[in-house]
Amino acid sequence: MIFTKVCIIGAGPAGAAAALQLNKDGIDCIVVDKAIFPRDKVCGDGLSGKVITALKRIDPEIADRLQSAAFKLDSYGVSFVSPGRHQLEVGFRPDFDKNNVAHKEVPIGYVCKRIDFDHFLVQEMKQCKHIEVMEGIKIEKYTLEADGYLVSGSNGFEVKAELIIIANGAHSSFTKDVAGIHMEPAHYLAGIRAYYKNVSGTSTDGFIELHFLKKMLPGYFWIFPLPNGEANVGVGLLSEVVSRKKVNLKKELQDIIQNDPVIKERFKNAELMGSVDGYGLPLGSKKRTLSGERYMLTGDAAFLIDPFTGEGIGNAFYSGRMAAQQASLAIQANDYTATGLARYDSEIDRVLGSELRLSHRLQKLNKYPWLFNMLFKIGTSNKQVKELLSCMFYEVDVRKKLTKPSFYLKLLFNR
Ligand SMILES: Cc1cc2nc3c(=O)[nH]c(=O)nc-3n(C[C@H](O)[C@H](O)[C@H](O)COP(=O)(O)OP(=O)(O)OC[C@H]3O[C@@H](n4cnc5c(N)ncnc54)[C@H](O)[C@@H]3O)c2cc1C
């Protein structure tokens, strides 16, 4: 049996962020994953500014290496299409340096296949003195003992850790069986993803496209451009709606691509690459307890995906890093009690809580196509609304405005 301070289950973004932060703090850890990297993960492949921000905080050199990697496409904005087909292109807010000078040449977002991004992270972990990455081992059992967690899995794997960080994604058995957090259709999104080649009309500035098609509300159809003329194409819809309306997402995706009057033209010469795959998105639209005796949940295993944008990689990074910081404190104090680790929950709530709550309110507005039409229609001719939507992805205060009825009244009457 192996002994370690911290065992991290899952080497995706949440697990990688936790391990890299622990390495920075000089704490030994083992990261174990059932997959052998490079491995695919069903995702939209959109990396928001949050990812690079968190990475810079963990290690600016890794962030630099990501910024110069060839496997990603720089993305400078989002193109929204309302149910009434009003198209609104908004550039991401430019990066500001400490003198408040904007650097428009620095992209804030990226699009890159998870097979490449996650492999990049694993390679980074393998270079680190305090991280041991163990691939191809599926963790099957967790036993809480007096002196630590006994974690066991395939190939006779056994590790005893003082603390465990759960980062094994949306289908985590630990989340369900030990933390008691279950999938609730009202707080869960179903997503389908396909890779296409030769989709026409994609932006040269790597703008990601979100189409709020009437038939897909409260969800959306997306086209995210990738390097080499490829694109990540998919749909996401609240699981509650999927089961209530008996929606077959794969059929819906094909229907949009083949029959939507605007979209079908863009897919005339497009070619599907590989299979169409689906996966769940556990949303952070409800507050849960994310820690307990000798454990902390991170990323999708902690249900932290933004309910409005469907973005989960950034929050996986943030929570992974926060769990590692809390782990350092617990090790220093030799306190692994549920009460001691509850500080992790307070931190998650402090950093991500208000943002998640606001996004939940915005997600509910998704039900009203007329509101979207109005906002996007006005946005095409109103610079202020455009800037506001551009900031929406980064500034919580701006999102707050969008949830207030007075904001829409002002828009209507002050044009
Ligand atoms: C269709 C779809 C589109 C999405 N689009 C976007 C997007 O564009 N942008 C964005 O930011 N987010 C997006 N997301 C969300 C994003 O994919 C997740 O939030 C993100 O992957 C969470 O990272 P994680 O590290 O918590 O989990 P994961 O990335 O799922 O990693 C978990 C790891 O744990 C391993 N594992 C699982 N079980 C075990 C086990 N028993 N033993 C050992 N290892 C195990 C897995 O092999 C995996 O490597 C999307 C999700 C879906 C489904």
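As the structure lists them, so they are numbered: ligands from 1, and atoms in each ligand from 1. Owing to the predicted nature of the structure, the values given are computational and were not obtained by experimental measurement.
Near Lys138, meaning under 4.0 Å from one of its heavy atoms, ligand 1 places the atoms 41 (N), 42 (N). The ligand atoms of ligand 1 that sit less than 4.0 angstrom from a heavy atom of Gly191 are 1 (C). Residue Arg39 has at least one heavy-atom neighbour below 4.0 Å for each of these atoms of ligand 1: 31 (O), 48 (C), 49 (O).
Residue nearest to atom 26 (O) of ligand 1, selected from Asp300, Leu297, Leu249: Asp300 (by heavy-atom distance). Atom 36 (N) of ligand 1 has its nearest heavy-atom neighbour, among Asn168, Ile139, Val42, Leu281, in Asn168. When the options Val235, Asp306, Asp33 are ranked by their closest heavy atom to atom 48 (C) of ligand 1, first place goes to Asp33. Counting heavy atoms only, Gly46 comes closest to atom 8 (O) of ligand 1 of the residues Gly320, Gly153, Ser154, Gly46. Considering each of Ala14, Gly278, Gly44, Gly236, the one bringing a non-hydrogen atom nearest atom 3 (C) of ligand 1 is Gly44.
The shortest heavy-atom distance from Lys41 to ligand 1 is under 4.0 Å. Not a single heavy atom of Glu140 sits less than 4.0 Å from an atom of ligand 1. Taking 4.0 Å as the cut-off, Asn232 does not count as a neighbour of ligand 1 on heavy-atom distance. Using a 4.0 Å cutoff on heavy atoms, Gly310 counts as a contact of ligand 1.
Taking the six-membered ring wherever Trp is involved, the centroid distance between the rings of His171 and Tyr279 falls below 6.0 Å.
Contact annotation: for Leu304 versus ligand 1, there are no heavy atoms closer than 4.0 Å. Proximity of Cys43 to ligand 1, defined as any heavy-atom pair under 4.0 Å, is shared by backbone and side chain alike. With a 4.0 Å cut-off on non-hydrogen atoms, Asp45 touches ligand 1 through its backbone and not its side chain. Looking at Ala167 against ligand 1, only its backbone comes within 4.0 Å, counting heavy atoms.
Inclusion of Gly15 in the set of residues having an N or O under 3.5 Å from an N or O of ligand 1 is not warranted. Of the polar atoms of Arg114, at least one N or O is found under 3.5 Å from an N or O of ligand 1, judged by distance alone.
For the residue pair Asn315/Ser319, the side-chain donor-acceptor check at 3.5 Å is not satisfied.
A side chain to side chain contact (heavy atoms under 4.5 Å, CB included) with Phe267 holds for exactly one of Leu272, Ile257, Asp260; it is Ile257.
By the 6.0 Å and 45° rule, Lys113 stacks over the aromatic ring of Tyr195.
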